[in-house]
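I have placed the structure first, in the form of structure tokens, so that the comments after it can refer back to it.
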Amino acid sequence: MDKNFIVQAVRGMNDVLPAQIAGWQQLERVTRELFAAYGFEEMRVPLVEHTALFKRAIGEYTDIVEKEMYTFTDSGGDSLTLRPEGTAGVVRAAITNGLLRGARLKLWTSGPMFRHERPQKGRYRQFHQIDVEAIGFAGPDIDAELIALTARLWRTLGITRVKLKINSLGTIESRRVYREKLVTYFRQHEAALDADSLRRLEGNPLRILDSKNPDMQAVVSGAPLLTDHLDAESREHFDSLCAMLTGMGIEYVIDPRLVRGLDYYSRTVFEWVTDALGAQDAICSGGRYDGLIPQLGGDPTPAIGFAMGVERVVELLSQTGAPLAPAAPDVYVMASGERAQRTALALVERLRDDLPQVTLHVNLGSGNFKAQFRRADKSGAALALILGDAELERGVAALKPLRHEAGQTECPLEELAVRIPAILADLAEPNNAV
Ligand code: ATP
Ligand code: MG
């Protein structure tokens, strides 16, 4: 194999192979069911939007807009960007499709996101998010419901090593007051700031609190706390949220330094973290973004949402030890000889009509029975259905349990639709297992 000749995948963009798909499908199935149960509707938006949307929504001084976006000019001269997150597109769609108009929207969406970051375990350039957005709700009750939904999701998936962090960023106005205090503090400590933080001091000093540079931790931990500068309404909102979480039995930690990487948040922010994934410890993050919709040209509408990192949750899921093996077929159908193969294909289609709940895999290509038995075994099927010339002559098929001691039996072709479910039910009895 000539490595130079093979076109490799783009760095940080992964294939999900069949052996890995079970966790993805389980997460997709469970979230789909939970969202429906909580009254959220699915919506799908484009992977590409005008660059201006993300600049305006996420903010110029964020990591994403400063250095992580995949931006290109198309042949018509438009500056377009592969979406780095889901909220901006969903909000844009709600505005441009006229969905707002005082409505209350409970929406979810999912799919790939693109950020030009340094690839490492749990951090990729194409990654996937499941996003939930609740638009038109002002009170802390929806904040609490979103958090309860995520807590239920972890329980349903059997994920236990997670912790909830919450904080309030206050209103845009109270943040402005706090921001000035922060700038004053950081100016006094300019010598301790790294280059990124110096740059943010002008544009977005709150983001300095989010710095991942260990050398910055001392100066960051001495900074004034946003929680001490909350306006009265935000304080009340946050206190009710805390009381609601306690009422629902959801444990949380108030983290006054949780500011989140995106500009558009106000009041409630939260993040689920885990100690099971190493450095990339955030699996689900969200918050209230009451100011975003007017900023994108819509009527002022309160909203809150969160995004889950699918790769990270799937990795956690694989650590729970729950069996995620791809589903084996119930029956593996073998045939030898041209006539028997033809008969087998027709027979299997009839059985699929008659027994929609039974999965049948048919041996494709020829091969002697020994090779076919090997494939049958590998498929994980419970039962083999064998059609040879001798059986065909007599209008019967042989049935042989593959994972039990029970011997081979014969069954007239026209009785298979009755016998197969009966045998499968029998084989499923735990005390019949080998
Ligand atoms: P981080 O601090 O890890 O960079 P973030 O604040 O940039 O996270 P968000 O924009 O809030 O993350 O995205 C929500 C979730 O998406 C994160 O909690 C994480 O699980 C996941 N996520 C974000 N960036 C990546 C990435 N590059 N690769 C894989 N998952 C990611
Ligand atoms: Mg990031």
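Atoms within each ligand, like the ligands themselves, are counted from 1 in listed order.
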| Would you call Glu117-Arg125 a salt bridge at under 4.0 Å N-O? | no

| request: For Gly309, counting its heavy atoms only, list the atoms of ligand 1 lying under 4.0 Å from any of them. | output: 15 (C), 16 (O), 20 (O), 21 (C)

| query | Looking only at heavy atoms of Arg312, does any of them come nearer than 4.0 Å to an atom of ligand 1? | reply | yes

| said: For ligand 1 and Met308, I'd like to know whether there is a polar contact (N/O to N/O, distance under 3.5 Å). | reply: no

| task | Verify the ring-centre separation between Trp108 and Phe40: is it less than 6.0 angstrom? | result | no

| So which of Gln129, Met113, Arg123 gets nearest to atom 3 (O) of ligand 1, if we judge by its closest heavy atom? | Arg123

| request: Output yes when the distance from some N or O of ligand 1 to some N or O of Glu271 is under 3.5 Å, and no in every other case. | output: no

| query | Taking the six-membered ring for Trp, are His128 and Trp24 parallel (under 30°), tilted (30 to 60°) or perpendicular (over 60°)? | reply | perpendicular

| query | Should Asp281 and Arg312 count as an ion pair when the cut-off is N to O under 4.0 Å? | reply | no

| Under-4.0 Å heavy-atom contact with ligand 1, by part of Glu85 that carries it | neither

| Distance filter under 4.0 Å to Cys284 heavy atoms, resulting ligand 1 atoms | 18 (O)

| said: I'd like to know if Glu315 and Arg161 make a salt bridge, using a cut-off of under 4.0 Å between side-chain N and carboxylate O. | reply: no

| query | Polar-atom distance check: Arg115 versus ligand 1, any N or O pair below 3.5 Å? | reply | yes

| query | With atoms numbered from 1 as shown, which atoms in ligand 1 lie under 4.0 angstrom from a non-hydrogen atom of Ile283? | reply | 18 (O), 20 (O)

| said: Tell me whether the rings of Tyr70 and Phe114 are parallel (<30°), tilted (30 to 60°) or perpendicular (>60°). | reply: perpendicular

| field | Contact atoms of ligand 1, heavy-atom distance to Ser285 under 4.0 Å | value | 11 (O), 14 (C), 17 (C), 18 (O)

| request: Mind listing the closest non-hydrogen atom pair of Met334 and Ala376 along with its distance? | output: CE-CB, 3.6 Å

